[in-house]
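When a residue number appears, it is its place in the shown sequence, counting from 1.
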Amino acid sequence: MESANTEDLGLRERKRRQTRSSIVSTARRLTLAHGLSGFTVEQVCDDVGISRRTFFNYFPAKEDAVLGSSDEDLPQEVLDAFVESGSASPPRPLLDALADLFAEFGSRMAMSRDEYEAMSAVLHREPQLLAKMFARAESKSQLLTGLIREREALPAGHPAPRVATIVLGGLARRSLDEFFEDGNELSYPQVIRRNIDALRYLFSPDSPPTDRRTAGPPTSSPATFPDTLPDSQNQDTP
């Protein structure tokens with residue numbers, strides 16, 4: 001009975017993902033053909049073969065359907081493992097733990113090259129969508145900043161978690177571009193780990209960057225941060 005229930009859940013999940021994917025691809029196709037204001041939610045529903053109610057079960061607005069979803073968010077247990085790795089014995093170095101986290105996200109990413117190119121074309125045609133995309137990214141950045149602060153037991157307002165989020169976030173976006181480049185044969189986890197190795201080299205030149213062809217986690221010395229900033233950095237510059 002348990003296996004039958006599991007199979008049913010698997011079928012429902014595949015159907016749900018298929019419906020979501022159809023809504024997104026249709027919304028993007030109509031955007032490229034007519035512009036964001038040139039079609040309605042009803043047209044998307046007619047093309048996909050769903051009701052308005054079903055559409056709004058997946059997306060709160062037409063713009064959200066065009067951008068896709070945050071369906072690739074990592075499960076809470078993965079985020080918890082990232083935080084707990086800081087208090088393991090021995091603790092996993094922060095940069096290595098971040099590499100693991102981004103690689104895990106990449107391994108769950110369901111975007112294809114065609115979808116990536118369609119999204120790029122949509123943003124080129126309708127740049128106003130960038131504001132909503134940046135708002136989504138900022139929400140995820142705040143989440144990661146909080147996780148790093150908790151993991152490293154840093155006080156509120158310490159700049160290190162935010163700096164780490166900004167640097168790794170930019171590296172992740174660049175890695176996505178590299179992953180979808182023509183001729184790339186590496187997986188996204190391999191690309192992001194290779195680029196994090198390059199980042200590591202910038203701050204530890206004794207460790208040369210690698211041309212990583214496997215996704216095995218690197219090793220490094222733990223990152224340490226002062227609990228407080230020097231007085232000169234806590235004061236406003238006149």
Side-chain angles (χ1 to χ4, degrees), residues 70 72-109 123 130-180 186 188-210 212 215-238:
S70 56
E72 295 135 357
D73 286 348
L74 291 173
Q76 187 61 44
E77 56 266 25
V78 174
L79 303 180
D80 291 342
F82 167 76
V83 173
E84 292 165 3
S85 68
S87 56
S89 184
R92 185 147 178 76
L94 175 60
L95 195 55
D96 291 348
L98 285 167
D100 294 342
L101 192 66
F102 278 90
E104 179 66 22
F105 175 82
S107 70
R108 295 168 179 265
M109 184 173 56
L123 292 175
L130 286 170
K132 183 177 281 285
M133 177 172 281
F134 288 151
R136 286 186 177 185
E138 178 59 23
S139 176
K140 291 186 177 182
S141 293
Q142 290 178 5
L143 171 62
L144 180 58
T145 298
L147 291 172
I148 295 172
R149 181 182 297 113
E150 180 182 356
R151 183 186 190 275
E152 300 299 309
L154 293 171
H158 196 291
R162 184 63 175 167
V163 170
T165 298
I166 293 170
V167 172
L168 269 295
L171 202 60
R173 289 189 292 274
R174 176 56 193 161
S175 297
L176 189 65
D177 292 338
E178 292 179 9
F179 172 62
F180 284 116
L186 300 179
Y188 181 83
Q190 289 173 322
V191 173
I192 186 67
R193 286 191 186 280
R194 179 189 62 187
N195 288 339
I196 289 176
D197 276 350
L199 177 67
R200 195 192 316 276
Y201 170 72
L202 293 176
F203 296 98
S204 302
D206 292 337
S207 302
T210 59
R212 184 173 299 277
T219 58
S220 69
S221 300
T224 57
F225 302 110
D227 288 337
T228 58
L229 293 174
D231 290 340
S232 61
Q233 295 186 31
N234 278 320
Q235 298 172 355
D236 293 335
T237 301

Closest heavy-atom contact between P91 and G86? CB-O, 3.2 Å
Which heavy atom of A160 sits nearest a heavy atom of H158, and at what distance? N-ND1, 3.1 Å
Reported CD-to-CG distance for the pair E84 and L79, which is rounded to 0.5 angstrom: 11.0 Å
What are the two closest non-hydrogen atoms of L144 and L98, and how far apart are they? CD1-CD2, 4.1 Å
With heavy-atom distances below 4.5 Å as the criterion, would you say the side chains of I148 and R151 are in contact? no
I need the L171 CG to I192 CD1 distance, nearest 0.5 Å. 4.5 Å
Answer yes or no: is there a donor N or O on one side and an acceptor on the other, between the side chain of R193 and the main chain of A103, under 3.5 Å? no
Separation between CG (L94) and CG (L101), nearest 0.5 Å, reads 10.5 Å
Closest approach of Q142 to R162 (non-hydrogen atoms, all atoms of both residues): N-NH1, 4.4 Å
Would a distance-only check, ignoring hydrogens and angles, find a side-chain to backbone donor-acceptor pair under 3.5 Å from Y188 to A172? yes
Quick check: closest heavy atoms across R108 and P75, and the distance to 0.1 Å? NH1-CG, 3.5 Å
Between T165 and S141, is there a side-chain donor-acceptor contact under 3.5 Å, judged purely by atom types and distance? no
Pairwise distance CG(D100) to CG(L95) - rounded to 0.5 angstrom: 10.0 Å
Evaluate E178 against R194 for side chain to side chain contact (heavy atoms under 4.5 Å, CB included), listing each step before the verdict. CA-CA 11 Å; E178 292 179 9; R194 179 189 62 187; 2.8 Å; yes
Atom OG in S87, atom CD in E152: separation rounded to 0.5 Å? 10.5 Å
Are S107 and E104 packed together at the side-chain level, in the sense that at least one heavy-atom pair is separated by less than 4.5 angstrom? yes
Where is the tightest heavy-atom contact between N195 and S175, given as atom of each residue plus distance? ND2-OG, 2.8 Å
With a 4.5 Å limit on heavy-atom distance, are the side chains of L176 and V191 in contact? no
The test is side chain to side chain contact (heavy atoms under 4.5 Å, CB included); show your working for L168 and I196 and say whether it passes. CA-CA 8 Å; L168 269 295; I196 289 176; 3.7 Å; yes
